[in-house]
Amino acid sequence: MENSVIFALQNIVVDFDGEPVLTGLSLDIHDKEFVTLLGPSGCGKTTTLRVIGGFVEPKSGNVFFAGKDITRLPPYQRQVNTVFQKYALFPHLNVYENVAFGLRLQKLPEKEIRARSLEMLELVGLKGYERRNTAALSGGQQQRVAIARALVNHPRVLLLDEPLGALDLKLRKEMQIELKRIQQSLDITFIYVTHDQEEALTMSDTVVVMNKGAIQQIGSPQDIYNEPNNAFVADFIGESNILDGVMLRDFLVEFAGQEFACVDAGFSEREIVQVVVRPEDIRVVPAIQGQLTGIVENVIFKGVHYEMHVRQAGTEWIIHSTQASQVGELIGMAIGPDEIHIMHRSNG
Amino acid sequence: MTPMKKKTVWAASPYLVWMTAFIAAPLAIVLYFAFTDKAGRFTLANITGLGAYTTVFARSIVLAAAATAICLVLAFPVSYLLSRLRPANQRMMQMLLMLPMWMNFLLRTYAWMSLLEMNGIINRFLGLFGVGPLHLINTSGAVVLGMVYNYLPYMILPLYTIMVKIDSSVIEAAQDLGANAFRVLTRVLIPLSMPGITTGITMVFVPSISTFIISRMLGGGSNLLIGDLIELQFLGNSYNYNLGSAMSVVLMAIVLLCMSFTTADTEEMEAMV
């Protein structure tokens with residue numbers, strides 16, 4: 001956060017045929033950070049990226065790059081490059097010419113074009129693929145060409161629009177680590193768009209959670225996960241139990257018919273709040289020791305843990321535990337003060 | 001493999017019969033007449049005698065090339081805009097472009113006659129402003145206009161067909177990498193449209209170089225094309241089908257030669273798209 005702001009969006013409004021897409025969005029992006037725009041499809045994250053890239057002109061609002069207003073600057077004059085969702089490689093050019101495209105436009109000497117293109121192909125692990133036709137490459141290789149092509153111009157900011165969406169799970173995990181490595185070795189800003197919360201948490205310095213054309217929360221992955229601002233963020237980032245509750249006084253909250261000690265303060269007395277408890281934060285204990293008791297309705301094996309759905313009074317709880325309980329068993333649930341997150345009620 | 005192949009050959013047999021009867025056989029007859037005299041003896045006189053008509057051949061090539069070039073320049077931006085419209089609007093615009101083709105070819109060309117005549121609509125309109133009358137009809141310009149007007153859709157359709165396959169994100173990628181509108185055109189749009197361009201050129205150039213109706217109706221007597229010459233040999237006063245066949249053979253050779261320039265790199269391009 002000590003880095004200077006490289007991109008600033010101020011009150012960006014975008015409509016498509018009268019449909020609001022971005023509703024007065026403001027966002028500062030700091031230099032050399034890995035920033036992820038995260039949200040469900042249709043939340044405006046790709047549109048935000050396209051505003052930054054210059055492909056969508058906002059109806060109102062301003063875009064600043066390194067302090068200069070570039071709202072009306074066309075894409076080809078911006079010092080950013082993009083890795084597109086479907087790679088968008090030039091089908092009439094081979095791997096080398098795809099990467100060299102941006103340098104040829106600058107009319108650089110052939111020697112420099114060659115050196116820089118080969119350097120980028122090496123960075124993305126495609127040395128020796130220069131003469132290949134892009135259509136003959138696998139999805140992962142095409143993706144690497146797209147990254148090399150975008151980085152060869154030495155942009156100060158790289159925009160990535162769901163670049164791993166088309167890859168299978170294993171390759172996606174590899175590329176996540178790869179991208180993070182590239183970002184750190186080049187020491188430039190990455191703005192990354194995804195709907196995959198795990199991807200966002202894995203790679204980012206800062207996560208921007210969006211919904212319905214507005215920012216819900218900005219923070220580090222840890223902040224977003226542990227201290228969600230509202231029910232939408234809590235629900236979108238990982239699984240959550242979200243309940244209505246009443247804040248009795250500082251450090252004491254009532255939900256599910258019980259009083260719980262918590263670590264939150266500063267709410268007004270008897271304020272109606274929302275309570276978030278992560279499924280892995282609920283301890284399964286013998287029924288008599290539990291603060292709450294419930295009947296196990298089903299148990300699903302998830303690899304590392306079991307996911308259990310537990311009915312307690314009118315509420316269905318999701319619990320993640322390494323130990324499986326029996327279906328139909330009466331269990332106790334214990335929740336420590338640190339595991340309870342209190343949020344002001346959102347209108348959404 | 002083998003039973004599949006047998007079936008494939010069977011499926012083509014109606015076309016093979018058609019081709020033999022109506023394409024290969026007539027072609028053989030034309031070749032026969034081109035190299036024989038009236039008595040049926042072999043001769044090269046028909047071919048060598050064509051030297052007298054060099055100007056007509058040259059005029060045909062120049063006018064057809066001009067019409068093709070104008071069609072390309074007109075059709076390229078239109079096809080691109082068409083390919084970027086929403087699918088529903090694309091169908092609508094496509095239909096509007098095809099609409100003139102539903103009218104009879106002769107009728108359309110007659111319409112241009114009455115527009116371009118010395119006391120035609122255009123000259124009468126210009127007369128209101130004290131301009132003219134301009135000499136519009138019976139010029140080579142009028143012939144080119146007729147060709148462009150009649151064959152423009154044949155340039156637009158193949159271009160459009162190729163251009164709808166170009167993903168907008170490829171164009172955005174070029175802009176993103178620093179290409180202004182002109183560079184996007186020369187580095188991405190034209191190379192990717194090449195198969196459509198060559199098909200369009202073929203589909204406009206071939207009918208243009210062999211037309212005789214357009215040149216007769218809009219060109220008057222002074223703008224004879226090869227097509228008119230050939231027609232004269234078969235239906236006109238000169239009645240010499242040996243010479244007419246020779247002209248047809250040479251015209252075919254010219255067309256094949258012109259096409260070989262364009263198709264060579266088309267195959268290369270189509271492999272990539």
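Residue numbers begin at 1 in each chain, while the letters A, B, ... track the order of the sequences.
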Mind listing the closest non-hydrogen atom pair of B:Ala173 and A:Ala88 along with its distance?
CB-O, 3.8 Å

Within a radius of less than 6.0 Å around NZ of A:Lys180, do more than 12 heavy atoms belonging to other residues, nucleotides or ligands occur?
yes

Between A:Asn153 and chain B, with a heavy-atom cut-off of 4.5 Å, which part of the residue counts as in contact: side chain, backbone, both or neither?
side chain

Show the numbers, then the answer: is there a salt bridge (charged side-chain N to carboxylate O under 4.0 Å, His left out) between B:Arg86 and A:Asp17?
CA-CA 13 Å; B:Arg86 286 181 206 173; A:Asp17 299 325; 3.1 Å; yes

Sole residue of B:Asp167, B:Val188, B:Leu192 in side chain to side chain contact (heavy atoms under 4.5 Å, CB included) with A:Pro91
B:Leu192

Roughly how far apart are A:Phe90 CZ and B:Ile166 CD1, rounded to 0.5 Å?
11.5 Å

Under 4.5 Å, counting heavy-atom pairs only, tell me which of A:Tyr76, A:Tyr87, A:Phe55 racks up the most with chain B.
A:Tyr76

Could you check A:His92 against B:Met194 for side chain to side chain contact (heavy atoms under 4.5 Å, CB included), going step by step and ending with a plain yes or no?
CA-CA 10 Å; A:His92 58 302; B:Met194 221 52 208; over 6 Å; no

Within a 6.0 Å radius of atom CE on B:Met101, are there more than 12 heavy atoms belonging to other residues, nucleotides or ligands?
yes

Say you draw a straight line from CZ of A:Phe84 to OG of B:Ser168; how long is it, rounded to the nearest 0.5 Å?
10.5 Å

Min side-chain heavy-atom separation A:Arg104-B:Arg187 under 4.5 Å
yes

Are more than 12 heavy atoms from other residues, nucleotides or ligands located less than 6.0 Å from atom CZ of B:Phe125?
no

Quick one: CD on B:Gln175 to CG on A:Leu105, what's the gap to the nearest 0.5 Å?
11.5 Å

Engaged part of A:Leu159 at the chain B interface, taking heavy atoms whose separation is under 4.5 Å:
neither

Quick check for you: among A:Arg149, A:Gln77, A:Gln106, which has the greatest number of heavy-atom pairs under 4.5 Å with chain B?
A:Arg149

Closest heavy-atom contact between A:Leu89 and B:Val170?
O-CG2, 3.9 Å

